[in-house]
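Take a look at the structure set out below.
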Amino acid sequence: MSVETVSSANAPGQGYSKKRVALIVGVLSLAAFMSSLDLFIVNLAFPYISRDFHGSSLDSLSWVLNGYSILFAAVLVPSGRWADRVGRRRMFVAGLVVFTLGSILSGLAPDVSLLIAARLVQAIGAGMMVPASLSLLLAAVPGHARAQAIGRGRRSVRSAPRSVR
């Protein structure tokens, strides 16, 4: 039994089977979905966060959401450049580790200031993952299949806000 490849010589995705490309697209789409979901989920969780951290001002609570958004956006471009220098896969894995660490710390945060700090760690991880995931996707998927693969990835990101309703 042979494995059918989806690419031609010297093209991105050379030698990857269709199953491997599908797995790569799935993992990268999931990472993009998680970083996007994490941005929007706090909007729904905000009343519960306010209740759990009773006595915290609205100003300090707003940084739980705003800090993530600002730092995520600020990290995107430099992370893409760093990924070019240190390697896309290395940057993606590092971002995933940082994002996961931030998620764990967010869940364990005993007060608002530590929750804000943990969310900033999450934002850095997400900002590292997103540009690396796109460049990994472009490298893994042959040219003729890229539009469809990127469309799947974008649909997963666009579905994040809808999934929290």
Side-chain angles (χ1 to χ4, degrees), residues 3-43 45 63-109 114-164:
V3 176
E4 181 183 349
T5 60
V6 293
S7 61
S8 59
N10 298 323
Q14 181 176 4
Y16 290 157
S17 69
K18 285 184 178 183
K19 286 182 182 181
R20 180 161 172 99
V21 169
L23 178 65
I24 290 169
V25 170
V27 168
L28 298 176
S29 295
L30 180 62
F33 171 80
M34 289 304 299
S35 67
S36 182
L37 176 69
D38 211 55
L39 179 63
F40 295 109
I41 195 91
V42 174
N43 290 320
W63 280 105
V64 174
L65 175 62
N66 296 335
Y68 183 98
S69 302
I70 292 167
L71 196 55
F72 173 70
V75 170
L76 282 172
V77 173
S79 290
R81 182 83 168 137
W82 295 332
D84 289 340
R85 290 186 178 176
V86 301
R88 298 177 291 235
R89 186 181 301 169
R90 183 177 287 167
M91 180 61 80
F92 178 78
V93 171
L96 184 60
V97 168
V98 171
F99 181 83
T100 302
L101 176 66
S103 297
I104 292 167
L105 293 173
S106 292
L108 298 174
L114 290 176
L115 177 59
I116 293 167
R119 291 275 298 161
L120 294 176
V121 171
Q122 263 185 322
I124 291 169
M128 292 166 67
M129 277 192 310
V130 170
S133 66
L134 182 58
S135 62
L136 285 168
L137 180 87
L138 293 174
V141 178
H144 69 276
R146 281 187 190 154
Q148 184 179 14
I150 291 171
R152 283 186 187 135
R154 289 186 59 116
R155 277 192 299 277
S156 72
V157 170
R158 283 194 317 249
S159 70
R162 288 190 296 257
S163 68
V164 297

Once you round to the nearest 0.5 Å, how far does CE of Met128 lie from CH2 of Trp82? 7.5 Å
Provide the closest heavy-atom pair for Met91 versus Ser79 in the form atom of the first, atom of the second, distance. CE-O, 3.8 Å
In the structure I gave you, are the side-chain heavy atoms of Val98 and Val121 within less than 4.5 Å of one another anywhere? yes
I'd like to check Val130 versus Leu134 (side-chain heavy atoms, cut-off strictly below 4.5 Å). Are they in contact? no
Name all pairs fulfilling the salt bridge (charged side-chain N to carboxylate O under 4.0 Å, His left out) condition that reach into residues 131-142, sequence neighbours left out, sorted by first residue then second. none
Flag side-chain contact, heavy atom, 4.5 Å: Asp38 against Phe99: yes
Judged by atom type as modelled, is there a donor-acceptor pair below 3.5 Å linking the side chain of Ser36 to the main-chain atoms of Phe33? no
Contact summary for Gln122 and Ser103, nearest pair of heavy atoms: NE2-OG, 2.8 Å
Here the gap from Ser29 atom OG to Ile24 atom CD1, rounded to the nearest 0.5 Å, amounts to 11.5 Å
Pairs of donor and acceptor atoms involving the side chains of residues 67-76, under 3.5 Å and at least two apart or interchain, shall be tabulated with distances.
unit_1 : atom_1 : unit_2 : atom_2 : d
Tyr68  : OH     : Ser35  : O      : 3.0
Ser69  : OG     : Leu65  : O      : 3.3

Of the non-hydrogen atoms in Gly95 and Met129, which two are nearest, and what is the gap between them? C-CG, 3.6 Å
Are Leu137 and Val25 side-chain neighbours, meaning at least one heavy-atom pair lies under 4.5 Å? yes
Do Arg119 side-chain atoms and Val64 backbone N/O form a donor-acceptor pair below 3.5 Å? yes
Do Leu120 and Trp63 come close enough that some side-chain heavy atom pair is under 4.5 Å? no
To the nearest 0.5 angstrom, please state how far the CG atom of Leu96 sits from the CE atom of Met34. 10.0 Å
Residues at least two apart in sequence or cross-chain that pass side chain to side chain contact (heavy atoms under 4.5 Å, CB included) with Ile104, listed by chain then number, are Thr100, Leu108
